[in-house]
Amino acid sequence: MSAITAGQVMDRSAALLNDTARTIFTYTKQLEYLNTAYSELAEKLELNNVPVTNRTEAVIEVDAGVDNIGGDGPSLPDGLVEIQSVWQRWRSTTDSWTSIKKYDFLPPFLEGNNQTTSVIPAWAWEGQIIKFIASNTDLDIRIEFIQNPFITLVDANSQITLINAINPLAFRTAALCARFIGENPTRADQLDMQAELAWDRMLGTATKGRQSITTRRRPFQANYKRLRNNY
């Protein structure tokens, strides 16, 4: 299942609370708890670096003399949580992208008024700003980063595009509603346990593809011949 609506999640949540008609657990009452569950799920996806949170910003133009992104320079990409890598190439070219080395702090030997370079030699993430030594040429910058996929759900028609999210969200929303609306901690604990199981299944599906990378191993006989020839 791909895109679902907030209403579909809340319908399932109400069913888990034995209120399929939503007499008690209406959309209005459930919506804020669904947003809480959605925000929690987004944080789990970020922590586990599930591919749905990975994003590449197409191109950020950085003019000559500009030494940051996110400060008084160009804006950071929307929803940025953590930067994975930063790439550069000269403006308006089709040259290959070149990785920029990351430091925790900009190296002192690169700083100074006399520093001039046609590329950015290093970058650092300081105070939620990408800082670097300014280039003397215009550059295109590409950022690969983890993005928060959470958006505020405003009504039952709001779209949720996270794949396989309906069960984790429904169980967690139902648990929150049982705890804070129905004041039934026993039911809430049971639903939270089911929410964790649903989350584990979602995470397992999302990470399965990353574990299937094929490694070509050297045949034993070939390795034996190589070792023998060395003696």
Exercise for review: Check whether any side-chain heavy atom of Leu139 lies under 4.5 Å from a side-chain heavy atom of Thr137, and answer yes or no.
Suggested key: yes
Practice item. Answer yes or no: is there a side-chain heavy-atom contact under 4.5 Å between Leu45 and Leu162? Key: yes
Point to revise | Trp97-Ser99 side chain donor-acceptor pair, cut-off 3.5 Å | key: no
Exercise for review: Nearest 0.5 Å please: distance from the CG atom of Asp104 over to the CD atom of Glu126.
Suggested key: 9.0 Å
Point to revise | Flag for Gln88-Thr98: side-chain donor and acceptor within less than 3.5 Å | key: no
Point to revise | Interatomic spacing from OG1 in Thr93 to CZ in Arg91 - rounded to 0.5 Å | key: 10.5 Å
Practice item. Using the side-chain hydrogen bond (donor to acceptor under 3.5 Å, both in side chains) rule, take Arg12 and Asn167 through it: C-alpha gap first, then chi angles, then the decisive distance, then the call. Key: CA-CA 8 Å; Arg12 187 165 296 189; Asn167 282 332; 2.7 Å; yes
Check your understanding: Sub-3.5 Å donor-acceptor pair from the side chain of Asp63 to the main-chain atoms of Val66, do we have one?
Key -> no
Check your understanding: Does a side-chain heavy-atom distance below 4.5 Å link Leu34 with Ser13?
Key -> no
Check your understanding: So which heavy atom on Ile100 is nearest to which on Trp123, and how close?
Key -> O-NE1, 3.2 Å
Check your understanding: Does a side-chain heavy-atom distance below 4.5 Å link Val86 with Lys102?
Key -> no
Check your understanding: Should we count CH2 of Trp90 as having more than 12 external heavy atoms under 6.0 Å?
Key -> no
Review point. Is there a side-chain contact between Val9 and Gln30 (heavy atoms, below 4.5 Å)?
Key: no
Check your understanding: If you group Ile, Leu, Val, Met, Phe, Trp and Tyr by side-chain heavy-atom gaps below 4.5 Å, do Leu169 and Tyr27 land in one group?
Key -> yes
Practice item. Could you tell me whether the side chain of Asn164 and the main chain of Met202 form a donor-acceptor pair under 3.5 Å? Key: no
Review point. Just checking, is any N or O donor in the side chain of Thr28 or Thr26 under 3.5 Å from an acceptor N or O on the other one?
Key: no
Review point. So, Glu196 and Lys44, do they make that salt bridge, N to O below 4.0 Å?
Key: yes
Exercise for review: Report yes if the side chains of Ser158 and Thr5 come closer than 4.5 Å at any heavy-atom pair, otherwise no.
Suggested key: no
Revision key, fill the gap. Note: Asp19 and Ile24 closest approach over all heavy atoms is OD2-N, 2.8 Å
Check your understanding: Within a strict 4.5 Å, meaning less than it, do heavy atoms of the Ile69 and Lys131 side chains meet?
Key -> no
